[in-house]
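In what follows, every heavy atom counts, from backbone to side chain, and hydrogens, waters and symmetry copies are set aside. Just follow the structure's listing: the first ligand is 1, and inside any ligand the first atom is 1.
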Amino acid sequence: MTSPLPAWPYSPYIAHRGGGHLAPENTLAAMHVGAAQGFTMFEFDVKLSRDNVAILMHDDNVDRTTNGRGPARDMSYTELSLLDAGSWHSPAYAGEPVPSFVSVARYTRANGIACNVEIKPCPGREAETGAEVARLCAEYWQGAAVLPLLSSFEEPSLAEAQRVAPQLPRALLVEKVPADWRERLAHHGCIALNINQKDATPELIDAVHAAGYRIAAWTVNDPARARELLGWGMDAIFTDKLADIRPTA
Ligand code: G3P
Ligand code: MG
């Protein structure tokens with residue numbers, strides 16, 4: 001017997017880190033590029049500054065994606081705001097700031113863009129990051145027709161997100177699909193399992209659907225693989241190759 005699938009008001013094509021490889025990741029400039037490429041849903045990574053302001057950044061350290069040095073968790077929001085998060089990508093983006101999560105929430109809501117908010121806590125800050133991101137999402141998307149999908153590799157973050165805002169949809173991110181994925185999804189009240197695309201098979205997709213969950217795959221940068229996964233029934237793929245893999249009109 002199969003369970004009914006949860007609502008999935010999301011695009012099958014999700015722009016990874018906002019603009020994929022076309023713009024500096026996790027910036028508002030990236031979102032402008034993603035929107036211009038026809039994407040209606042973005043994934044991005046959110047963590048807390050030292051003084052508990054939610055900002056967009058993937059890595060624990062600021063070194064790769066800004067002109068700064070060191071762990072993001074040791075920097076205040078003001079210090080993070082002063083960094084150049086665009087020059088590393090290309091001169092056209094020189095001076096692009098590290099955005100606050102609130103500024104991205106405002107932009108996406110105003111433009112009807114759906115969000116997958118990946119809770120990506122600084123080490124040791126799993127619980128408070130999950131709680132704060134969920135609190136902000138509940139506030140900024142109050143009354144919205146399409147709620148943001150919260151996801152995380154960190155189960156303590158998901159647990160806190162569920163406690164603070166149980167009404168928001170959640171997805172469990174996994175590096176490797178665990179044998180007990182059904183139990184973990186049920187435990188965190190998730191609607192979806194977000195897997196590494198390398199682990200995707202038709203059998204896994206069917207099993208996840210039969211258990212009553214959605215499934216999405218990161219990061220799919222080969223157009224033939226994107227077609228294959230979507231043909232197998234994958235609910236969504238995350239891509240960096242926005243010019244090659246994108247929603248069709
Ligand atoms: O949320 C999908 C994907 O972004 C997970 O991996 O390392 O790119 O955040 P990562
Ligand atoms: Mg991510």
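- Side chain of N196 to main chain of K198: a donor-acceptor pair is present (N/O by atom type, distance under 3.5 Å, no hydrogens or angles).
- Using modelled atom types, no side-chain atom of R225 and backbone atom of V220 make a donor-acceptor pair closer than 3.5 Å.
- Between the side chain of S103 and the backbone N or O of P99 there is no donor-acceptor pair closer than 3.5 Å.
- Excluding waters, the set of protein N/O/S atoms under 2.8 Å from the Mg ion (ligand 2) reads E43 OE2, D45 OD1, E118 OE1.
- The main-chain N or O of G86 is found under 3.5 Å from a side-chain atom of D84 such that the two form a donor-acceptor pair.
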Would R17 and D240 satisfy salt bridge (charged side-chain N to carboxylate O under 4.0 Å, His left out), going step by step from the backbone distance to the final call?
-> CA-CA 8 Å; R17 306 184 190 174; D240 291 314; 5.4 Å; no
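- In this structure, a donor-acceptor pair under 3.5 Å is absent between the side chains of H21 and N221.
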Step-by-step salt bridge (charged side-chain N to carboxylate O under 4.0 Å, His left out) determination, E154 to K120 | CA-CA 8 Å; E154 307 299 333; K120 188 79 107 180; over 6 Å; no
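- Checked against a 6.0 Å centroid threshold, the rings of Y107 and H32 count as neighbours.
- Of the possible donor and acceptor atoms, one in the side chain of R170 sits under 3.5 Å from a partner among the backbone N and O of H188.
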May I have every N or O pair linking ligand 1 to the protein at under 3.5 Å, one per line with atom names and distance?
| unit_1 | atom_1 | unit_2 | atom_2 | d |
| --- | --- | --- | --- | --- |
| ligand 1 | 1 (O) | E43 | OE2 | 3.0 |
| ligand 1 | 1 (O) | E118 | OE1 | 3.1 |
| ligand 1 | 4 (O) | H16 | NE2 | 2.8 |
| ligand 1 | 4 (O) | E43 | OE2 | 2.6 |
| ligand 1 | 4 (O) | E118 | OE1 | 3.2 |
| ligand 1 | 7 (O) | H58 | NE2 | 2.7 |
| ligand 1 | 7 (O) | K120 | NZ | 3.3 |
| ligand 1 | 8 (O) | H16 | NE2 | 2.9 |
| ligand 1 | 8 (O) | R17 | NH2 | 2.8 |
| ligand 1 | 9 (O) | D45 | OD1 | 3.3 |
| ligand 1 | 9 (O) | H58 | NE2 | 3.3 |
| ligand 1 | 9 (O) | E118 | OE1 | 2.8 |
| ligand 1 | 9 (O) | K120 | NZ | 2.7 |

